Amino acid sequence: MAADVAQAAVLFAAVAVLAATLAVSGPRLADLYRTAGSGLVDQVSSADQTLYYTGLLVVLAVPAVIGMFWGAPLISRELETGTHYLAALFSRSCREVTSS
């Protein structure tokens with residue numbers, strides 16, 4: 001129970017930091033985008049470029065990392081218990097199963 005509360009607190013803190021960062025930089029970036037259009041990245045400051053590229057990296061990398069840490073235990077448990085044979089059996093058609 002305490003671990004759940006700690007995880008929720010960490011998640012809440014991360015979302016709060018993200019919201020504060022977007023609240024500070026968002027209106028200025030929106031104004032720049034209205035005036036610059038497609039040349040936005042050339043006109044923003046280096047801190048904003050760093051923020052942009054960090055956000056891009058997070059959007060691309062976080063799903064892969066979550067998938068690795070969530071998927072690896074699921075797959076390893078399936079391999080340990082031998083249920084991957086059952087999944088392979090159900091993925092075949094009835095003719096393939098009866099002919100072999």
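Bear in mind the structure is a predicted one, so any value in this text is a computation, not a measurement.
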How long is the gap from CG on Leu74 to CG on Leu79, to the nearest 0.5 Å? 11.0 Å
Group every Ile, Leu, Val, Met, Phe, Trp and Tyr by side-chain heavy-atom contacts under 4.5 Å, then state whether Ile66 and Leu18 land in the same group. no
Would you mind listing the cluster partners of Val65? Hydrophobic ones only (ILVMFWY), side-chain contacts under 4.5 Å, chaining allowed. Met68, Phe69
Check the hydrophobic clustering (I, L, V, M, F, W, Y; side-chain heavy atoms under 4.5 Å; chains of links allowed) and say if Tyr53 and Leu60 are grouped together. yes
